[in-house]
Asks: 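Pasting in a structure now, in structure tokens, and then I'll have a few things to ask.
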Amino acid sequence: MAVAIRGGRGGTAVGPGLRSLFAYRIFVSAMFSLLFLATLSVILTSHPSTSHHDPGLPSSGNAYVQRTFLALKSDPLKTRLDLIQKQANDHITLVNTYAAYARKLKLDISRQLRMFDDLAHNFSDLLMKPGYKSALFESEGAVDEDVLRQFEKEVKDKVKVARLMIGESKESYDNQLKIQKLKDTIFAVNELLIKAKKNGAFASLISAKSVPKSLHCLAMRLVEERISHPDKYKEEPPKEEFEDPTLYHYAIFSDNVIAVSVVVRSVVKNAQEPWKHVFHVVTDRMNIAAMKVWFRMRPVEGGAHVEVKAVEDYSFLNSSYVPVLRQLESAKMQKFYFDHKAENTTKDVNNMKFRNPKYLSMLNHLRFYLPEMYPKLHKILFLDDDVVVQKDLTGLWNIDLDGKVNGAVETCFGSFHRYAQYLNFSHPLIREKFNPKACAWAFGMNIFDLDAWRREKCTDQYHYWQNLNEDRTLWKLGTLPPGLITFYSTTKSLDKSWHVLGLGYNPSISMDEINKAAVIHYNGNMKPWLDIAMNQYKSLWTKYVDNDMEFVQVCNFGL
């Protein structure tokens, strides 16, 4: 459409379209100006003094605008300082953590621990350095950029050192942690093993000291036989062979009928002249009837002689003469043996066996009164009831003891089984009188020269030391320690083939050594008449059990 432009006199005429465009632009500009002024007014009137650390900052609408405005007003060096300080504190924590690992891993004296500790102190000292503290952390004014730059350099140097140390130690610490965990596991398992051993030892002691059903049955059957047929078992007068010094005499002290029968039977079966052998069996009052009935029902083969007596038959063995009897009558000793609680019995399993009253039983201590029990004899062979004889023993009576009292096999090898293991050498009397390295010997097969015994007054020596040990400070208990003391310097060593020990606890004795031995000894808890006996040795004992005896069959003994 054509637009007519008319000119007036003296000027140019402007069309209506151009005027509208100018008016629109002016309107838009005015609106933007008003919007800007409104926004500025809101910013200036909305809490202008609130910092970016104030928890009261608005959480809607204008918060972003306010934070932006405050960021523009803040000192950028302060932000940089905060980041450097945070980095330093983080590395202090990291270094202290590795130092704690080192302590946990028992590395207190290690180079790494000292370096970590030093580095942690250096970090802390750097943050607390007076120059930095006053210029950077306590100053209200602007941060000095030169000081900040120096502070940043020192922090970065220490961070670099810390990272290098951590990189070098990390793998080592990981291995140490594994080792420590393994040690902890081993320790825990070892504790369980110790506990199991104590329980096993306790159970073994119960098994060893309890009377098996078969043995109890045998004793009861023998007593029943004595009661049922009193005429058959009248007392017989003593035989003259019992005091004949030209014969071979044995002393066996026991309350175990089957064990004594095996010892006697094994001696006789291997003796060339069994009629020359005399056995002196002594038991307690409870078992005297059973023991007599056994040897009356089953006379010893080959004409050997057996004398059976009770401890009570020896009137001189009373508390006024015998120290162990007097000690057993004391209230203190009775409390030690009989007044301990069952729940405490497993706390000291290693010494628990010494609380067995048998260690103060006269059957155990009769061996120290042989010259008085058999005054007409010159020599006697003492045998424990847990031995088996495999060869003729008459050669023992022909050994020259060189004036010594006791002939025995020594048991020491290396540092084992020496006097120090049996006696308390911290006691001045023991330390003064005896050599801790002196070699011990075995009770269980001992040839005693009773004439030399009487000459040396060995029983008096035994009494002297037994009286001193009433409080159990010289040795614990048992008969071997007082035997070692009584026959110290009066014992002659015999060839080891006469007596092999350990069949009641050691499964590693060679059969070659056993077959060469004249006497094998089941010392230890695993006696051959118990279910816990070691099978590889048990047949050496059971072959001498009299299985033809009717009561042995009835009681299933040895089956």
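What you see is a predicted model; the values in this text were computed from it and never measured. The analysis underlying the following values was restricted to heavy atoms, covering all of them including side chains, and did not include hydrogens, waters or symmetry mates.
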Asks: Can you label the angle between the Y250 ring and the W397 ring as parallel, tilted or perpendicular, going by 30° and 60°?
Replies: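 Perpendicular, since the angle between the ring planes exceeds 60°.
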Asks: Among residues two or more places apart or on two chains, list those pairs meeting side-chain hydrogen bond (donor to acceptor under 3.5 Å, both in side chains) that have a residue in residues 425-436.
Replies: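 Every pair satisfying side-chain hydrogen bond (donor to acceptor under 3.5 Å, both in side chains) with a residue in residues 425-436: N424-S426.
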Asks: Under 4.0 Å between a side-chain nitrogen and a carboxylate oxygen: does that hold for R455 and D451?
Replies: no
Asks: Any side-chain heavy-atom pair from V282 and D313 closer than 4.5 angstrom?
Replies: no
Asks: Would you mind listing every salt bridge (charged side-chain N to carboxylate O under 4.0 Å, His left out) that reaches into residues 491-508, with sequence neighbours excluded?
Replies: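 Residue pairs passing salt bridge (charged side-chain N to carboxylate O under 4.0 Å, His left out), neighbours aside: D402-K492.
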Asks: As a test of understanding, state which of Y374, F382, Y248, F253 forms a ring pair (Phe, Tyr, Trp, His ring centres under 6.0 Å) with H280.
Replies: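 Only one option passes, and that is Y374.
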Asks: Taking everything shown except M220 itself, do over 12 heavy atoms lie less than 6.0 Å from its CE?
Replies: yes
Asks: Does a salt bridge link E470 with R326, judged by any charged N lying under 4.0 Å from a carboxylate O?
Replies: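 Looking at R326 together with E470, the answer is no, because their closest N to O distance does not fall below 4.0 Å.
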Asks: Check this for me: does any side-chain nitrogen of one of E307 and K239 sit under 4.0 Å from a carboxylate oxygen of the other?
Replies: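 Looking at E307 and K239, the cut-off is not met.
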Asks: Quick check on D531: does its CG atom have over 12 non-hydrogen neighbours (other residues, nucleotides or ligands) under 6.0 Å away?
Replies: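 It does not: D531 CG has 12 such atoms or fewer within range.
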Asks: Above 12 or not: heavy atoms from other molecules or residues under 6.0 Å from CZ of F187?
Replies: no
Asks: Check for a donor-acceptor pair, side chain of T283 on one end and backbone N or O of S254 on the other, with a separation under 3.5 Å.
Replies: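 Yes, the answer is positive, given that a donor and an acceptor are paired below the 3.5 Å cut-off.
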Asks: Can you tell me if CD on E191 sees more than 12 non-hydrogen neighbours from other groups inside 6.0 Å?
Replies: yes
Asks: Measuring only between side-chain heavy atoms, which start at C-beta, is D386 closer than 4.5 Å to H521?
Replies: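 Contact flag for D386/H521 side chains = yes.
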Asks: Determine, for D385 against K527, whether the closest basic-nitrogen to carboxylate-oxygen distance falls under 4.0 angstrom.
Replies: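 Salt bridge absent between D385 and K527.
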Asks: Which label fits F413 and H417: parallel for a plane angle under 30°, tilted from 30 to 60°, or perpendicular past 60°?
Replies: tilted
Asks: L218 pairs by side-chain contact (heavy atoms from CB on, under 4.5 Å) with which of V223, N256, I258, V554?
Replies: I258
Asks: W441 vs F443 aromatic rings, parallel, tilted or perpendicular, using cut-offs 30° and 60°?
Replies: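 Rings of W441 and F443: perpendicular, over 60°.
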